[in-house]
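Below is one structure, written out as structure tokens, with a few remarks after it.
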Amino acid sequence: MPKYLYIETVGCQMNMLDSELVVADLRRQGYELVDSHKKADTILFNTCSVRQHAEDKVYSALGRLKHVKRDHPDKIIGVMGCMAQKDQKLIFQRAPFVDLIVGPGQLHQIPALIEKVSRGAGRQMEVSLGRKDAPLAQIKRSHESFDPLRTVEMRPTPYQAYVRIMIGCDKFCTYCIVPSVRGPEQSRPPEHVEMECRKLADEGCKEIVLLGQTVNSYRYRDDHGTTRLSDLLLRLHDVAGIERIKFVTNYPKDMTDDLLQAVRDLPKVSPYLHVPAQSGSNRMLERMKRGYTVEEYREMMARINETLVDATISSDFIVGFSGETEEDFQQTIELVEECRFKNSFIFKYSERPSTKGAELYPDDVPEEVKKRRNNELLDVQNAISDEDHIALIGRTFEVLVEGPSKTSLKQNQDGPLLQLTGRTHCDRIVVFDGNRRLIGEMLSIAIHDASGQTLFGSVVTEHVGPEVFELQT
Ligand code: SAH
Ligand code: SF4
Ligand code: F3S
């Protein structure tokens with residue numbers, strides 16, 4: 001008898017990858033994935049704590065399950081990921097019907113823990129040590145990297161895969177919860193990463209996205225010396241079958257020349273850099289403890305643009321951080337206008353308990369002001385994205401076809417011809433009509449229309465005219 005699993009995931013790419021790996025692990029135990037909690041024997045929430053809103057979403061989803069558990073006491077309900085690590089037992093208090101709490105460092109234990117609960121051992125909790133609770137080596141061990149070998153049928157798409165190259169974060173930006181829930185920064189051995197990429201390539205994967213909270217801080221030291229991200233990219237570039245390599249997210253201070261040169265010199269590496277600035281005001285950057293000034297960020301942008309022609313850069317911003325004045329905010333607008341990011345993710349500051357920010361600085365920008373600044377900055381960014389996309393009309397891009405577009409999915413288009421979506425090397429989204437069998441192909445797409453988020457185009461069919469014929473004879 002198969003068992004059925006339902007999983008809901010919020011948060012960053014790390015969480016997407018973790019959910020994928022947990023699902024793969026449970027499939028090996030005979031689970032089948034279903035699309036509703038109603039059909040499931042086990043219901044898992046993979047959670048995020050980066051903003052209060054992400055936590056509220058999970059607690060209200062849990063609230064809605066209260067009666068489900070009452071009517072079906074055998075269903076197992078689990079909370080995994082960053083909020084499990086942050087809130088721990090509090091989750092049992094707020095939702096007493098939860099059976100399982102598992103931190104991001106203990107995901108490999110999930111199958112065994114579910115088994116324990118179903119045998120009647122009662123509710124289970126496994127989390128990592130806090131960052132001040134033990135000597136560093138012990139804390140590191142308690143945050144294990146969860147990267148079991150995967151097989152192709154377990155990934156959402158066979159042509160693309162996330163590959164984790166490091167876990168944790170040591171930057172401790174004052175607003176941020178990540179270092180305390182994901183633990184100390186630890187880089188995976190390059191040979192493990194390479195082995196995983198080779199296996200993925202053997203199974204038909206064409207694009208890998210290397211993941212790390214500060215991916216360009218990657219450093220692995222052993223008897224042969226230090227491997228930096230640039231060295232790792234060089235090594236992975238040799239993996240036959242892999243056609244594109246991307247990496248996210250970058251920390252501005254670690255955007256070194258060797259890395260930019262590697263992006264320039266290795267054709268498989270996408271000329272796309274996500275390097276969050278967070279603010280354009282030095283006063284804010286200092287309060288945030290980001291470790292750079294806005295002048296240093298500008299200097300980094302200049303180096304990127306000098307080394308990489310045609311690279312796209314994207315950023316994250318927090319508006320309404322403690323003490324942010326109109327003048328600080330104007331400086332952020334100026335930075336966005338000057339840098340012309342491909343896109344920016346903009347967030348209203350959300351105070352996180354136990355961070356330095358919460359301890360030292362009051363959350364003193366009113367919600368309406370945060371909202372207004374958020375919208376204003378978004379308008380500035382959208383205008384830039386629109387302009388830059390319109391300027392690309394008429395150009396042709398190599399696009400890796402990812403699958404049906406959102407519109408096709410919504411309309412349940414199930415014939416061979418449908419609207420497809422893919423991305424350019426520099427990470428722009430392209431939508432076009434084509435045959436389903438093109439999914440996973442690298443195609444030339446001519447762009448004939450654009451919005452700020454999306455380019456619209458059509459497949460360039462090879463022109464077999466008389467001149468080609470003449471060449472062949
Ligand atoms: N490791 C990545 C991203 C971390 S979280 C990095 O350092 O860039 C993703 C984004 O969420 C951050 O870049 C930041 O813009 C935002 N963020 C983090 N903590 C936040 C908070 N307390 N309130 C609002 N936004 C936050
Ligand atoms: Fe959070 Fe800063 Fe680490 Fe990014 S670098 S995860 S924002 S502490
Ligand atoms: Fe959220 Fe954890 Fe990622 S807090 S942003 S899911 S590392």
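Each ligand, and each atom within it, is numbered from 1 in the order the structure gives. Just so you know, these numbers use all the heavy atoms, side chains as well, and skip hydrogens, waters and symmetry mates. Since we're looking at a predicted model, the values are computed, not measured.
Residue K171 comes nearest to S217 through the heavy atom pair NZ-OG, 3.0 Å, listed as atom of the first residue, atom of the second, then distance.
Residue contacts with ligand 3 for C48 involve both N, CA, C or O and side-chain atoms from C-beta outward (heavy atoms, distance under 4.0 Å). Heavy atoms of Y175 found under 4.0 angstrom from ligand 1 belong to the backbone as well as the side chain. Contacts between P276 and ligand 2 below 4.0 angstrom, taking non-hydrogen atoms only, are absent altogether. By the criterion of a heavy-atom distance under 4.0 Å, the backbone of F172, and not its side chain, is placed next to ligand 2. Residue contacts with ligand 2 for C173 involve both N, CA, C or O and side-chain atoms from C-beta outward (heavy atoms, distance under 4.0 Å). Both the backbone and the side chain of V50 come within 4.0 Å of ligand 1, judged by heavy-atom distances. Both the backbone and the side chain of S350 come within 4.0 Å of ligand 1, counting heavy atoms alone.
With N46 as reference, N15 is the one residue of V23, N15, V10 to meet the side chain to side chain contact (heavy atoms under 4.5 Å, CB included) rule. Of the listed residues (T174, V365, D328), just one forms a side chain to side chain contact (heavy atoms under 4.5 Å, CB included) with F321, and that residue is T174. For the side chain to side chain contact (heavy atoms under 4.5 Å, CB included) with L100, the qualifying choice from Q124, M125, Q109, K116 is Q124, the only one to do so.
Nearest-heavy-atom check against atom 26 (C) of ligand 1 across R51, Q13, R182 picks out R51. For the residues M14, Q213, H53, the heavy atom positioned nearest atom 7 (O) of ligand 1 is part of Q213.
The shortest side-chain heavy-atom distance between Y297 and E299 does not fall under the 4.5 Å cut-off.
The shortest N or O to N or O distance between Y349 and ligand 1 is not under 3.5 Å. Between N250 and ligand 1, no pair of N/O atoms sits closer than 3.5 Å.
Residue K348 places a heavy atom less than 4.0 Å from ligand 1. M14 does not count as a contact of ligand 3, since none of its heavy atoms falls under 4.0 Å from the ligand. Residue Q213 places a heavy atom under 4.0 Å from ligand 3.
The protein non-hydrogen atom at the shortest distance from atom 9 (C) of ligand 1 is D316 OD2, 3.8 Å. Nearest protein heavy-atom contact of atom 4 (S) of ligand 3 is S49 N, 3.3 Å. Atom 7 (S) of ligand 2 has as its closest protein heavy atom Y175 OH, 3.3 Å. Here the protein heavy atom with the shortest distance to atom 1 (Fe) of ligand 2 is C176 SG, 2.3 Å. Of the protein's heavy atoms, C82 SG, 2.2 Å lies nearest to atom 2 (Fe) of ligand 3.
Close approach of ligand 1 to Q278 (heavy-atom distance below 4.0 Å) involves ligand atoms 12 (C), 13 (O), 14 (C), 15 (O). Distances below 4.0 Å separate heavy atoms of R182 from the following atoms of ligand 3: 2 (Fe), 7 (S). If you number the atoms of ligand 3 from 1 as listed, the ones under 4.0 Å from a heavy atom of N15 come out as 6 (S). Set against the non-hydrogen atoms of R352, the atoms of ligand 1 under 4.0 Å away are 22 (N). Residue contact check: P276 has heavy atoms under 4.0 Å from atoms 8 (O) of ligand 1.
At least one N, O or S atom of C169 sits under 2.8 Å from atom 3 (Fe) of ligand 2. At least one N/O/S atom of C12, from backbone or side chain, sits under 2.8 Å from atom 3 (Fe) of ligand 3.
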Evaluation steps, salt bridge (charged side-chain N to carboxylate O under 4.0 Å, His left out), between R188 and E196: CA-CA 11 Å; R188 283 179 78 199; E196 193 173 338; 2.8 Å; yes
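Between atom SG of residue C169 and atom CD1 of residue I177 there is a gap of 12.5 Å, rounded to the nearest 0.5 Å. Taken to the nearest 0.5 Å, the OH atom of Y361 stands 7.5 Å off from the OG atom of S322.
With 3.5 Å as the limit, one finds no donor-acceptor pair spanning the side chains of Q106 and E144.
In this structure, H274 has its ring center under 6.0 Å from that of F345.
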